[in-house]
Amino acid sequence: MVTGGKRVLSLQDLSCVGQCSLTAALPVLSACGVECCVLPTAILSTHTGPEFDPPVVHPLTDVLPAVWESWMGQGFTFDALALGYLGAGAIDFAARAVDDLRDSAFILIDPAMGDNGRFYSGFGPDYAARMASLCSQADILLPNLTEGCLLLGEPTPERYDGDFCLRLARRLGELGPKAVVLTGLDCVPGQATNLIYHAGNGCAVFQGQPRLPGRFHGTGDLFAAALLGRLMRGDTLEQAAETAGAFVAAAIRRTGPEHPYGVQFEGCLGMLG
């Protein structure tokens with residue numbers, strides 16, 4: 001049953017061209033029947049993929065505290081806070097937002113800082129340590145394999161199996177989040193696998209979708225938004241992850257190889273309502 005009236009705050013960058021970050025979170029959460037409020041950490045002319053020239057980037061770090069103080073002064077409340085790509089300049093503000101909302105809002109953190117075994121440009125071990133501290137406050141921590149290893153200060157293995165993923169999830173759970181969802185794993189041949197791990201009782205569930213050819217931008221952002229939206233509707237974490245995974249897979253299937261912007265998810269939004 002739809003719980004109704006839920007309000008989510010999405011705190012991450014806004015890529016003006018490219019189906020990712022806030023331009024993905026807003027329609028996906030809305031399709032779930034959830035009010036999505038946004039607070040961009042930076043404005044980018046495009047996403048950062050190689051299909052485009054290096055983007056024009058305008059950080060909004062200086063304005064974030066003023067916006068926050070205005071909201072708090074007006075008594076705005078949020079049922080959930082979702083953190084995505086922050087950048088080094090915004091992580092301290094994100095910690096403040098988490099502190100202010102921790103007792104009243106559900107906290108989902110996607111520690112967006114790396115992939116394919118390395119940090120994104122502009123990030124490093126210091127940022128990972130700061131992010132690990134922030135992730136201790138999460139209800140759900142949502143890293144990919146690389147980010148999970150970076151949070152623990154470990155190299156990302158080229159090859160791994162389900163046992164390695166489970167050990168990694170357990171160690172991430174020791175940072176303090178209530179649950180960990182490791183995404184996009186390559187531990188089952190032919191599948192893109194997610195691992196759901198509940199830190200409180202040690203329960204772990206692997207879920208998979210057929211691995212589709214190609215690499216696409218923004219799939220993690222879509223998954224995070226769909227997962228949170230379904231949780232706000234009352235799904236269990238396993239149910240929400242299953243729906244979010246199927247939604248992302250369907251969106252990839254609709255996307256042609258000539259489309260560099262992300263995945264064409266708009267025609268799949270009906271799966272979330």
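Each residue takes its place number in the sequence, starting with 1.
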Contacts of type salt bridge (charged side-chain N to carboxylate O under 4.0 Å, His left out), residue [X], not counting sequence neighbours:
X: Asp92; value: Arg130
X: Arg211; value: Asp186
X: Asp99; value: none
X: Glu35; value: Arg7

Per the side-chain hydrogen bond (donor to acceptor under 3.5 Å, both in side chains) rule, what does the pair list look like for [range], sequence neighbours excluded?
range: residues 106-118; result: Asn116-Arg215
range: residues 187-205; result: His198-Glu238
range: residues 54-74; result: Trp68-Asp100, Ser70-Gln74

*Hey, does the side chain of Glu147 reach the backbone of Met113 with a donor-acceptor pair shorter than 3.5 angstrom?*
yes
*Distance in Å, Leu145 CG paired with Leu185 CG, rounded so as to fall on 0.5 Å steps*: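 Nearest 0.5 Å value for the CG-CG distance: 6.0 Å.
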*asked:* Just verifying a value: how many Å separate Cys37 SG and Leu26 CG, rounded to the nearest 0.5 Å?
replied: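 Output value for this atom pair is 9.5 Å.
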_With side-chain contact (heavy atoms from CB on, under 4.5 Å) as the criterion, how do Leu108 and Asp139 come out once you've worked through the C-alpha distance, each side chain's angles and the decisive distance to 0.1 Å?_
CA-CA 6 Å; Leu108 182 147; Asp139 289 290; over 6 Å; no
Sequence neighbours excluded, which residues qualify as side-chain contact (heavy atoms from CB on, under 4.5 Å) partners of [X]?
X: Ala241; value: Ile196, Gln207, Phe223, Leu227
X: Pro40; value: Leu14, Leu22, Leu60
X: Glu266; value: Gln19, Gln264
X: Ala88; value: Tyr127

*Hey, can you tell me if Phe247 and Phe265 have their rings parallel, tilted or perpendicular (30° and 60° cut-offs)?*
perpendicular
*Mind telling me whether His217 and His47 have parallel, tilted or perpendicular rings, with 30° and 60° as the class edges?*
tilted
*Residue of the set Asn144, Leu172, Leu141, Leu86 for which side chain to side chain contact (heavy atoms under 4.5 Å, CB included) holds with Pro111*: Leu141
Which heavy atom in [X] sits nearest to a heavy atom in [Y], and how many Å separate them?
X: Ala179; Y: Leu237; value: CB-CD2, 3.8 Å
X: Leu175; Y: Ala132; value: CD1-CB, 4.4 Å
X: Ser10; Y: Ala25; value: OG-CB, 3.8 Å

*Check whether Leu195 and Val205 end up in the same hydrophobic cluster, where Ile, Leu, Val, Met, Phe, Trp and Tyr are linked by side-chain heavy atoms less than 4.5 Å apart.*
no
*Are Ile91 and Ile43 connected in the hydrophobic side-chain network, where two residues link if heavy atoms are under 4.5 Å apart?*
yes
*asked:* Pair Phe106, Val8 - check side-chain contact (heavy atoms from CB on, under 4.5 Å), show working.
replied: CA-CA 9 Å; Phe106 187 91; Val8 170; over 6 Å; no
*In sequence, state the C-alpha distance, the side-chain angles, and the governing distance for Phe216 and Val248, and then conclude on side-chain contact (heavy atoms from CB on, under 4.5 Å).*
CA-CA 11 Å; Phe216 300 91; Val248 172; over 6 Å; no
*asked:* With a 4.5 Å cut-off on side-chain heavy atoms, are Met232 and Leu228 touching?
replied: yes
*Whichever hydrophobic residues join Val188 through chains of side-chain contacts under 4.5 Å*: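 Listed partners: none, Val188 stands alone.
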